[in-house]
*Asks:* 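Handing you a structure now.
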Protein chains: 2
Amino acid sequence: MSKRTVALLKEHGINPSSQRVRIYDYLVATEDHPTVDDIYAELQREGHLFSRATVYNTVNLFLKKGLIRAVRVEAKEMRFDASPGFHAHFKCESCGSVLDIPMDEPIPDDPDGLEYHGTSVIFSGLCRDCQKRKHSG
Amino acid sequence: MSKRTVALLKEHGINPSSQRVRIYDYLVATEDHPTVDDIYAELQREGHLFSRATVYNTVNLFLKKGLIRAVRVEAKEMRFDASPGFHAHFKCESCGSVLDIPMDEPIPDDPDGLEYHGTSVIFSGLCRDCQKRKHSG
DNA sequence: TTATGACTTTATAATCATTATAAAGTCATA
DNA sequence: TATGACTTTATAATGATTATAAAGTCATAA
């Protein structure tokens, strides 16, 4: 129950219930862009009694308040990202893991009068482990 | 029933049935990155008797053979893109339309030993029409 | 203390794009 | 015209997410 998280949630107009604080703490602690089910499974493992619906409600609230970002690297699953600043994502086609890739936000050369709000860059390929696995297996 | 399409499908090892040729022709003719339902609706409108399953089968076959690309700009819907060469996409948050944005493929500065296969860049914001609509409405 | 009311969480059902399955149709070739 | 491989089709199944409404929580006022 991090005091810093409580303050941060309040700053964003979010009532810091214990579930919300716990979910946010997990999101910032983990690096691997969890899905709703990842979050749900981890909280269960820790012995918390959570409903999957609460996880959905909470991440949607965080998204609406701009606290986290959604990353859709997989066909179906939505993943979440609490790390600040622009960065790209890399999705391993073999093991499905998702990594952050530091990178400047690309600027389109196109002067088409569009109003740009957000940018998403997703690379795909093979991570180091899966390259090794391919060559040895 | 384009002769060029028939040849192209054959080159890619795809038996050019009339449905497949028609769907490919529609994909290259349209610029707005149709969904499966867009394709299905257009073919119905033209009086063809198609099943939705055929559209799914066909676009999945095209994807597997590398004839088209999938673009997932929206939360749920998969859209398709037959235009060649790298380009980014822009999704209007208001009307949902998807535009091509000419752009060089970004190269990650990260030397992490990853094996890169593909890149997807999606911008979001407001298209020109929706900006006007916002200011006048 | 107890009542009030707003907000949270929960369980359950509903939605909806997509995939799986298996039957029916097509078509070239023997 | 029989065979067999490939296509299309209708239908059911899947699975992530959202909607709904009941139950729980918690601060504050009487």
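Only this structure's heavy atoms are used, side chains among them; waters, hydrogens and symmetry mates stay out. Being a predicted model, the structure only gives us computed values, none of them experimental.
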*Asks:* Both distances below 3.5 Å, Watson-Crick or wobble geometry, any strand: find the nucleotide opposite D/dA23.
*Replies:* C/dT8
*Asks:* Rounded to whole angstroms, how far apart are CD1 on B/I23 and C1' on D/dT9?
*Replies:* 13 Å
*Asks:* Send over the distance from A/R52 CZ to C/dA11 C1', rounded to a whole Å.
*Replies:*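 Atom CZ in A/R52 sits about 12 Å away from atom C1' in C/dA11.
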*Asks:* Measuring from the side chain of B/N15 (C-beta onward, heavy atoms only), which nucleotide among D/dA16, D/dT9, D/dT7 has the closest atom?
*Replies:*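 Between D/dA16, D/dT9, D/dT7, the one nearest the side chain of B/N15 would be D/dT7.
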*Asks:* For C/dA30, give its Watson-Crick or G-U wobble partner with both distances under 3.5 Å, or none.
*Replies:* D/dT1
*Asks:* Inspect the surroundings of CD in B/E93 and state if more than 12 heavy atoms from other residues, nucleotides or ligands are less than 6.0 Å away.
*Replies:* yes
*Asks:* Between B/E46 and B/R22, is there a salt bridge with N-O shorter than 4.0 Å?
*Replies:*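 The answer is yes: the pair qualifies as a salt bridge.
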*Asks:* Just by protein heavy atoms under 4.0 Å, how would nucleotides 25-30 of chain C read 5' to 3' in B, S and -?
*Replies:* ------
*Asks:* Under the side-chain hydrogen bond (donor to acceptor under 3.5 Å, both in side chains) criterion, do A/D38 and A/T35 qualify, and how do the steps go?
*Replies:* CA-CA 5 Å; A/D38 293 336; A/T35 63; 3.2 Å; yes
*Asks:* Could you please name the partner base of C/dT15, counting Watson-Crick and G-U wobble pairs only when both distances are under 3.5 Å?
*Replies:* D/dA16
*Asks:* Of all the nucleotides listed (C/dT10, D/dT8, C/dT8), which has the minimum atom distance to the side chain of A/N57?
*Replies:*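 The nucleotide sitting nearest to the side chain is C/dT10.
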*Asks:* Does B/Y116 have its ring centroid less than 6.0 Å away from the ring centroid of A/F90?
*Replies:* yes
*Asks:* Between atom CZ in B/F50 and atom C1' in D/dT7, what is the gap in whole Å?
*Replies:*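 To the nearest whole Å, that distance equals 12 Å.
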*Asks:* Measure from the side chain of B/V36, starting at C-beta and using heavy atoms only, and say which of C/dT10, D/dT8, C/dT18 lies closest.
*Replies:*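 Among C/dT10, D/dT8, C/dT18, the one nearest the side chain of B/V36 is C/dT18.
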*Asks:* Return the nearest nucleotide to the side chain of A/S17; candidates are C/dT9, D/dA10, D/dT8.
*Replies:* C/dT9
*Asks:* Could you pull out all residues at least two apart from A/E11 that satisfy side-chain contact (heavy atoms from CB on, under 4.5 Å)?
*Replies:* A/L8
*Asks:* To the side chain of B/Y56, which of D/dT18, C/dT10, C/dT18 is closest?
*Replies:* C/dT18
*Asks:* My understanding is that a pair needs two contacts under 3.5 Å, Watson-Crick or G-U wobble. By that rule, which nucleotide pairs with D/dA30?
*Replies:*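 By the stated definition (distances under 3.5 Å), C/dT1 pairs with D/dA30.
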*Asks:* Rounded to whole Å, how long is the line connecting atom CG of B/L9 with atom P of D/dC6?
*Replies:* 17 Å
*Asks:* So B/R20, base contact, sugar-phosphate only, or nothing? Heavy-atom distance under 4.0 Å.
*Replies:* sugar-phosphate
*Asks:* Of B/V28, B/L27, B/L61, which is the lone residue that meets side chain to side chain contact (heavy atoms under 4.5 Å, CB included) with B/I68?
*Replies:* B/L27
*Asks:* With a 4.5 Å limit on heavy-atom distance, are the side chains of B/I122 and B/R72 in contact?
*Replies:*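 No, every pair of side-chain atoms sits at 4.5 Å or beyond.
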*Asks:* Measuring from the side chain of A/Q19 (C-beta onward, heavy atoms only), which nucleotide among D/dC6, C/dT10, D/dT9 has the closest atom?
*Replies:* C/dT10
*Asks:* What is the distance from CD1 of A/I39 to P of C/dT9, rounded to the nearest Å?
*Replies:*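 To the nearest whole Å, that distance equals 14 Å.
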*Asks:* Could you check which of D/dT9, C/dT8, C/dT19 has an atom nearest any side-chain atom of B/N60?
*Replies:*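 Per side-chain heavy atoms of B/N60, the pick is C/dT19.
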*Asks:* A/E77 has an atom CD; how far is it from atom C1' of C/dT19, in whole Å?
*Replies:* 16 Å
*Asks:* Could you check whether any side-chain heavy atom of B/V98 comes within less than 4.5 Å of a side-chain heavy atom of B/D32, counting everything from C-beta outward?
*Replies:*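 Not in contact.
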*Asks:* Would you kindly give the NZ-to-P distance between B/K10 and D/dC6, to the nearest whole Å?
*Replies:* 16 Å
*Asks:* Atom OH of A/Y40 and atom P of D/dT17: how far apart are they, to the nearest Å?
*Replies:* 15 Å
*Asks:* Side chain of A/M78, heavy atoms from C-beta onward: which of C/dT10, D/dT9, D/dT17 has the nearest atom to it?
*Replies:*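 Nearest nucleotide to the side chain: D/dT17.
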